Amino acid sequence: MNTRQDRIDLFANLASAETQPQFWTRVADDVDWTVEGTHPLAGRYLGKQKFIDATFTRLAGVLRGGAKLRVENLLVDGDTVVAELASTSISNEGAPFDNKYCWVCRFDGDLIVEVRAYLDSTMVMYTVLRNELTQVRHAPGR
């Protein structure tokens with residue numbers, strides 16, 4: 001299999017919670033992942049588990065079935081992959097989470113070791129805060 005097809009297959013695993021573990025096995029444990037922007041998920045995460053906990057796990061609490069990403073375009077150039085992704089998720093309140101992403105990923109062999117991620121900051125802020133607030137309002141004892 002050529003490198004481009006391997007990367008296409010890898011990023012296709014982001015489409016559902018069931019296949020995402022196959023994607024995460026190809027991310028280095030000590031990945032340097034920066035989510036750009038000014039929203040609740042923005043920041044620099046040094047380590048795969050820190051990134052997953054702060055982003056995908058948090059999104060799983062506000063999106064039905066968690067974050068689901070479809071590959072729209074993939075540019076492969078040496079050890080760098082630029083992945084354009086589109087969310088196919090629905091928020092807990094029933095609204096489409098129609099976000100677009102651009103991940104600039106650096107590989108070391110078969111492992112992703114560095115990522116800079118760009119997305120719609122306003123959409124993330126609105127969806128995360130609104131849905132987390134709704135959860136607090138409807139918590140038992142409220």
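Just so it is clear, the model here is predicted, and its values are computed rather than measured.
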Original post:
Does Tyr126 belong to the same Ile/Leu/Val/Met/Phe/Trp/Tyr cluster as Ile90, with side-chain heavy atoms less than 4.5 Å apart forming each link?
Top reply: no

Original post:
What residues, two or more places apart in sequence or in another chain, satisfy side chain to side chain contact (heavy atoms under 4.5 Å, CB included) together with Asp79?
Top reply: Arg106

**OP:** Assess whether side-chain contact (heavy atoms from CB on, under 4.5 Å) is satisfied between Val71 and Leu85, documenting all intermediate values.
**Re:** CA-CA 5 Å; Val71 176; Leu85 307 164; 3.9 Å; yes

**OP:** Please work out which of the three classes, parallel, tilted or perpendicular, describes the rings of Phe51 and Tyr45, given edges at 30° and 60°.
**Re:** perpendicular

**OP:** Give a yes or no on this: more than 12 heavy atoms of other residues, nucleotides or ligands lie within 6.0 Å of atom CZ of Arg44.
**Re:** no

Original post:
Out of curiosity, Arg116 CZ to Asp32 CG, how far, rounded to the nearest 0.5 Å?
Top reply: 10.0 Å

Subject >> Intermediate values then yes/no, side-chain contact (heavy atoms from CB on, under 4.5 Å), Leu63 and Thr127 >> reply: CA-CA 9 Å; Leu63 300 175; Thr127 303; 4.1 Å; yes

**OP:** Indicate yes or no for a side-chain donor-acceptor contact from Arg7 to the backbone of Leu75 under 3.5 Å, with no hydrogens or angles considered.
**Re:** no

Subject >> pair Tyr118-Val104: side-chain heavy atoms closer than 4.5 Å >> reply: yes

Subject >> Heavy-atom side-chain contact between Asp98 and Ser87 under 4.5 Å >> reply: no

**OP:** Please report the shortest heavy-atom distance between Val124 and Leu119, naming the atom on each side.
**Re:** CG2-CD1, 3.4 Å

Original post:
Just how far is it from atom CZ of Arg70 to atom CD of Glu84, taken to the nearest 0.5 Å?
Top reply: 11.5 Å

Original post:
Around Asn73, counting heavy atoms of other residues, nucleotides and ligands shown, do more than 12 lie under 6.0 Å from its CG?
Top reply: yes

Original post:
Between Gly66 and Ser89, which heavy-atom pair has the shortest distance, and what is it?
Top reply: O-OG, 3.2 Å

Original post:
Would you call Asp120-Lys100 a salt bridge at under 4.0 Å N-O?
Top reply: no

Original post:
Any side-chain heavy-atom pair from Leu59 and Val128 closer than 4.5 angstrom?
Top reply: yes

Original post:
Roughly how far, to the nearest 0.5 Å, is the CG atom of Leu14 from the CD atom of Gln22?
Top reply: 10.5 Å

Original post:
Counting distance only, does the side-chain N/O of Thr57 pair as donor-acceptor with the main-chain N or O of Ile52 below 3.5 Å?
Top reply: yes

Original post:
Hey, any chance Leu74 and Val113 share a hydrophobic cluster, counting ILVMFWY side chains that come within less than 4.5 Å of each other, even indirectly?
Top reply: no

Original post:
Counting N and O atoms only, with roles assigned by atom type, does the side chain of Asn2 sit under 3.5 Å from a partner on the main chain of Gln5, one being a donor and the other an acceptor?
Top reply: yes

Original post:
Between Pro40 and Met125, which heavy-atom pair has the shortest distance, and what is it?
Top reply: CD-CA, 3.7 Å

Subject >> From OG1 (Thr3) to CD1 (Ile8), nearest 0.5 Å >> reply: 11.0 Å

**OP:** Could you state whether Leu10 and Phe56 fall into the same hydrophobic cluster, counting links through intermediate Ile, Leu, Val, Met, Phe, Trp or Tyr residues with side-chain heavy atoms under 4.5 angstrom apart?
**Re:** yes

**OP:** Taking all non-hydrogen atoms of both residues into account, name the closest pair between Arg58 and Leu129 and its distance.
**Re:** NH2-CD2, 4.5 Å

**OP:** Quick one: closest heavy-atom pair of Val27 and Lys48, and the distance?
**Re:** O-NZ, 3.0 Å

Original post:
Does Glu36 use its side chain to pair, donor to acceptor, with the backbone of Ala117 at less than 3.5 Å?
Top reply: no

**OP:** Output the distance between atom CG (Asn92) and atom CZ (Phe97), rounded to the nearest 0.5 Å.
**Re:** 11.5 Å

Original post:
About how many Å separate CD of Glu114 and OG1 of Thr34, when rounded to the nearest 0.5 Å?
Top reply: 7.0 Å

Original post:
Is there a side-chain contact between Arg26 and Asn13 (heavy atoms, below 4.5 Å)?
Top reply: no

Original post:
Between Trp103 and Phe23, what is the ring plane arrangement, given parallel below 30°, perpendicular above 60°, and tilted in between?
Top reply: tilted

Original post:
Do you know which two heavy atoms are closest between Gly37 and Ser121, and how far apart they sit?
Top reply: CA-OG, 3.5 Å

Original post:
Same cluster or not: are Phe11 and Trp24 linked, directly or through other Ile, Leu, Val, Met, Phe, Trp or Tyr residues, by side-chain heavy atoms under 4.5 angstrom apart?
Top reply: yes

Subject >> 4.5 Å side-chain heavy-atom contact, Ile112 and Val81 >> reply: no

